[in-house]
There are 2 protein chains.
Amino acid sequence: MESILKKKKISETPFRINVLEIINSSNTAVAMSHIENNLDKYNRITLYRTLKTFTKKGIIHPIQIAGKEIMYAMCEDSCGAEHQHNHLHLECKKCKTVSCVDVAENMMPNLSAYQIDSFEVYAKGICTTCKSA
Amino acid sequence: MESILKKKKISETPFRINVLEIINSSNTAVAMSHIENNLDKYNRITLYRTLKTFTKKGIIHPIQIAGKEIMYAMCEDSCGAEHQHNHLHLECKKCKTVSCVDVAENMMPNLSAYQIDSFEVYAKGICTTCKSA
DNA sequence: TTACATTTGCAACATTGTTACAAATATAGC
DNA sequence: GCTATATTTGTAACAATGTTGCAAATGTAA
């Protein structure tokens with residue numbers, strides 16, 4: 001975890017390491033409330049600032065589904081502040097988790113009337129884990 | 001406008017007709033602040049409740065882009081409370097508007113490891129109007 | 001180990017969203 | 001058109017979410 005912070009050139013503090021561990025140890029997106037509940041030492045303002053900093057540095061990306069709590073997931077190493085992810089955000093209707101699914105380049109919509117540079121998909125369905133269970 | 005409210009079985013009040021006119025008269029999604037600024041008679045609480053009611057009745061759908069103000073756009077006539085739209089939400093990088101773009105059924109991602117029932121896409125690119133200008 | 005830069009936590013505040021309740025308005029039946 | 005009933009509106013009060021200034025605490029680099 002510390003190396004990620006070092007790579008992105010921000011200070012390694014116990015709080016930040018703690019937040020990053022919580023997000024990174026989940027293979028699905030985590031809600032802010034989940035982070036709160038799992039922190040060693042919770043401070044609302046610091047958490048907001050930490051998540052904002054991580055987002056700006058391309059460490060995590062927020063997933064905001066209308067009417068639901070904001071969730072966060074790890075970015076690719078190469079990710080910058082622009083967050084051009086081109087992947088699905090899949091909410092599983094069975095386990096209710098939200099996870100990121102990479103989409104092949106040829107899935108990119110290319111309707112000639114438009115020019116689409118990047119996209120984010122919010123999908124509902126059943127995730128791999130639930131499907132193979 | 002009145003007929004839409006009648007069809008969805010909710011009372012026709014001047015406020016609701018006003019809100020619906022504002023949303024319906026735009027061919028792009030409208031921000032809540034835009035509605036506020038164009039109402040004959042603005043009341044914050046009533047507007048929240050009205051937008052909530054319209055969303056629940058399948059008249060409009062919210063478009064929430066991480067970190068940005070919630071926007072609203074008209075639903076198809078057939079739309080219910082579930083809002084299974086299967087269309088793109090395209091934010092134009094030139095004119096900054098957000099519009100709904102229908103996507104052909106064969107565009108539906110069908111990765112065998114998953115089961116995707118419905119999806120919403122938030123895309124960045126250039127809209128028809130800007131592209132043909 | 002020291003000096004400097006950054007982060008943290010507190011307080012205070014701004015914004016956004018919700019609820020209870022009485023007054024106002026819309027709707028349906030006569 | 002008028003009346004009774006149901007629904008909606010606006011006020012107030014509050015809850016939740018997000019932001020900023022500043023001093024103390026901590027991290028980083030020399």
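These figures come from a predicted structure and were not determined experimentally. Here is the naming used below: chain letters follow the sequence lines, and residue numbers restart at 1 for every chain.
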Between D:dG27, C:dC10, C:dT18, which nucleotide has the shortest distance from any of its atoms to the side chain of A:Thr13? D:dG27

Measuring from the side chain of B:Thr50 (C-beta onward, heavy atoms only), which nucleotide among C:dT18, D:dT9, C:dT7 has the closest atom? D:dT9

I want to verify a distance call: between D:dG18, C:dT8, C:dC10, whose nearest atom is closest to the A:Thr46 side chain? C:dT8

To the nearest angstrom, how far is B:Ile17 atom CD1 from D:dT9 atom P? 11 Å

Would you please classify the geometry between the A:His61 ring and the A:His87 ring as parallel, tilted or perpendicular, with 30° and 60° separating the classes? tilted

For A:Gln64 and for B:Thr53, find the nucleotide of DNA chain D with the closest heavy atom, then tell me which residue's nucleotide is more 5'. B:Thr53

D:dA16 C1' sits how many Å from B:Arg44 CZ, rounded? 12 Å

Whole angstrom is fine here: how far is it from CD in B:Glu69 over to P in C:dT16? 7 Å

Tell me the interatomic distance from A:Ile35, atom CD1, to D:dG18, atom C1', rounded to whole angstroms. 15 Å

Checking only heavy atoms, does the side chain of B:Arg49 share a donor-acceptor pair with the base of C:dG17 at less than 3.5 Å? no

Distance test, side-chain N/O of A:Lys6 to OP1/OP2 of D:dT28, below 4.0 Å: no

Go through C:dT7, C:dT18, C:dA26 for me and flag the one nearest to the B:Pro14 side chain. C:dA26

Kindly say if B:Lys41 contacts the phosphate of D:dG10, meaning a side-chain N or O under 4.0 Å from OP1 or OP2. yes

Mind calculating the distance between OH (A:Tyr42) and C1' (D:dT17) to the nearest angstrom? 10 Å

Check the distance between D:dT8's C1' and B:Ile45's CD1 and give it to me in whole angstrom. 14 Å

Atom-pair distance (CG on B:Leu47; C1' on C:dT16), nearest Å: 12 Å

Between CD of A:Gln115 and NZ of B:Lys131, what distance do you get to the nearest 0.5 Å? 6.5 Å

Between C1' of D:dG27 and CD of A:Glu12, the distance in whole Å: 9 Å

Heavy-atom distance under 4.5 Å between the side chains of B:Leu90 and A:Phe119, does that happen here? no

Closest contact, heavy atoms only, B:Glu69 versus B:Ala31: OE1-CB, 3.5 Å

For B:Glu36 and B:Ile10, find the nucleotide of DNA chain C closest to each by heavy atoms; which residue's nucleotide sits nearer the 5' end? B:Glu36

Want to settle it: does A:Ile70 or B:Arg16 sit nearer the 5' end of DNA chain D, counting the closest nucleotide to each? B:Arg16

Using OP1 and OP2 only, check whether a side-chain N or O of B:Lys9 sits under 4.0 Å from C:dT27. no

Mind checking whether A:Ile35 and A:Tyr42 have side chains closer than 4.5 Å, heavy atoms only? no

